[in-house]
Each structure stands twice: as structure tokens, then as C-alpha cells.
Amino acid sequence: MKIGVYPGTFDPITNGHIDIIRRSLRIFDKVIVAVAPSPKKKPIFDIHERVEMIREAIRDISNVEIEIFEGLLAEYMKRKNAHAIIRGLRAVSDFEHEFMMALMNRKLDSETETVFLMPSEEYSYLTSSAIKEVASYGGVVKDLVPPIVARRLQDHFKKKQK
Ligand code: ADP
């Protein structure tokens, strides 16, 4: 059984992430969405909220597991007997950072492979940061994120205004 691990912050999950999950299931038998706390990125949703949103968003997709992971990804890959790290590549701007991380993970474990998948064109400009920015000004994000995320974003920024 081929297992892929899709690591990320998912603050919050977007339709771009879901597109990558669906594509990766054409290659892997099982995909583990590994949610990292990423405190340095100062997420607006805590890790449990992020996991909950992912769970709801991928309800109808089989062979996907969601886990919280901390520490070294290379170690986590070994623990899970996983075959490859899955990352999404949008524009050229993602390349340098992703390239560096893939090589670092390979350095930590020479057997760690990273697979890059390109999202559908309509999501290739989509980032969680842009979604948060638009939502913070009351912009419409419903075509770009799952319904639960649109609701949670609205609640989050309404609360902040109070
Ligand atoms: P990280 O903190 O690891 O960058 P993200 O949640 O921002 O976490 O991204 C996780 C992965 O998903 C990264 O490989 C990123 O490039 C990819 N990704 C994010 N948004 C999209 C998108 N719209 N299309 C394709 N891949 C995406």
C-alpha cells in the first residue's frame, strides 16, 4: 500500500489544498494530511479547529486520514511507513522554498522523496493568507474554501470586530 503524507499548516484549508488531496489519491492508496502547529506562522485557528475544518471538508473523500504532527517530518515519514511527502506547487514563487525543504528532508533521510503536484489553474493563485486577508475585510471567499471554512472565517472576523 502506497502512503503519501501531505504536511502543512492548513490555516485554514482551502479548495487548493483539497484539489491536491484529490490528485494525490490518484497516485497513493492512502493520504495522511499531517497538520503542523506552525506557531511561527501565528495561525488564526488553533490546531484542533484546523483539524475539525479539514475533517468536515473531506468528509466525502475516502482513504484520507488527518493527524497532528510535531517534530521532524523525516522522522514522521518513517514512523508512518510512508512513501513520499506531497506538496503543492503553485507559481514559480513556491519553488525556491519547496526545493530547499525537499532537499533538507532528503538530507535527513536519503529515502525521503517529495512529490510536487500542481493544482487546477483556478486555484493556482490561492493561498490561506490571501483568504484570511479577503475575509478580514468582509470579502466573499465562498468559492475558494469549503462552506465550513467560510462560516468559521466570518465568525472569527466578526468576533474580532466586537
Ligand atoms: P505550509 O506552512 O507547510 O506552507 P500550507 O498550508 O500553507 O502550509 O501549505 C501546505 C502545502 O499545500 C504547500 O505545499 C503549499 O504549497 C500547498 N498549497 C497551498 N495552497 C495551495 C493551492 N492553492 N494549490 C496548490 N497547493 C497549495
Side-chain angles (χ1 to χ4, degrees), residues 3-28 30-58 61 63-77 80 82-109 112-136 139-150 152-153 156:
I3 302 173
V5 168
Y6 183 29
T9 307
F10 304 101
D11 184 49
I13 186 163
T14 69
N15 291 349
H17 291 122
I18 295 170
D19 182 275
I20 296 296
I21 293 170
R22 288 189 190 279
R23 282 173 203 282
S24 56
L25 284 165
R26 298 196 187 130
I27 304 172
F28 298 95
K30 182 170 99 176
V31 170
I32 303 174
V33 179
V35 188
S38 308
K40 272 197 197 147
K41 287 198 157 183
K42 297 199 172 30
I44 64 169
F45 295 109
D46 78 32
I47 189 131
H48 302 289
E49 289 176 296
R50 283 182 266 151
V51 167
E52 200 190 326
M53 285 187 275
I54 300 171
R55 185 155 293 133
E56 169 68 26
I58 61 160
I61 311 178
N63 305 319
V64 186
E65 281 175 18
I66 310 162
E67 274 198 0
I68 293 173
F69 107 94
E70 270 174 286
L72 280 181
L73 184 56
E75 297 293 326
Y76 181 78
M77 296 295 290
K80 293 285 152 187
H83 296 83
I85 298 168
I86 300 157
R87 296 288 288 177
L89 261 195
R90 284 159 298 195
V92 186
S93 51
D94 278 341
F95 182 79
E96 205 172 324
H97 176 67
E98 294 292 340
F99 185 73
M100 183 269 295
M101 282 204 304
L103 288 181
M104 181 57 86
N105 281 317
R106 184 181 281 168
K107 182 102 196 144
L108 294 171
D109 176 1
T112 306
E113 295 298 343
T114 303
V115 170
F116 294 100
L117 296 176
M118 273 187 290
S120 159
E121 238 171 68
E122 61 194 299
Y123 304 131
S124 58
Y125 61 93
L126 183 56
T127 67
S128 297
S129 312
I131 287 291
K132 285 181 274 190
E133 175 125 18
V134 171
S136 74
V140 178
V141 293
K142 69 175 174 33
D143 293 336
L144 302 173
V145 294
I148 185 172
V149 173
R152 292 289 173 91
L153 281 166
H156 176 86

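Below, each value reflects all heavy atoms present in this structure, side chains not excepted, and no hydrogens, waters or symmetry copies. Every number for a ligand or one of its atoms is a count from 1 in the order of the listing. Predicted model, so just to flag it, every value in this text is computed and none were measured.
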Would you compute the distance between atom CG of Asn105 and atom OG1 of Thr112 and round it to the nearest 0.5 angstrom? 6.0 Å
Would you call the rings of Phe10 and Tyr6 parallel, tilted or perpendicular if under 30° counts as parallel and over 60° as perpendicular? perpendicular
Would you list the pairs meeting salt bridge (Lys or Arg N to Asp or Glu O under 4.0 Å) in which at least one residue belongs to residues 118-132, sequence neighbours left out? Asp11-Lys132
Under the side-chain contact (heavy atoms from CB on, under 4.5 Å) test, residues paired with Glu133 that sit two or more places apart: Tyr137
Residue by residue, ordered by chain and number, which ones reach under 4.0 Å of ligand 1 with a heavy atom? Tyr6, Pro7, Gly8, Thr9, Phe10, Gly16, His17, Ile20, Lys41, Arg87, Gly88, Arg90, Asp94, Glu98, Pro119, Tyr123, Leu126
For His17 against Ser128, the heavy-atom pair lying closest together: CE1-OG, 3.4 Å
Residues at least two apart in sequence or cross-chain that pass ring pair (Phe, Tyr, Trp, His ring centres under 6.0 Å) with Phe28, listed by chain then number, are none
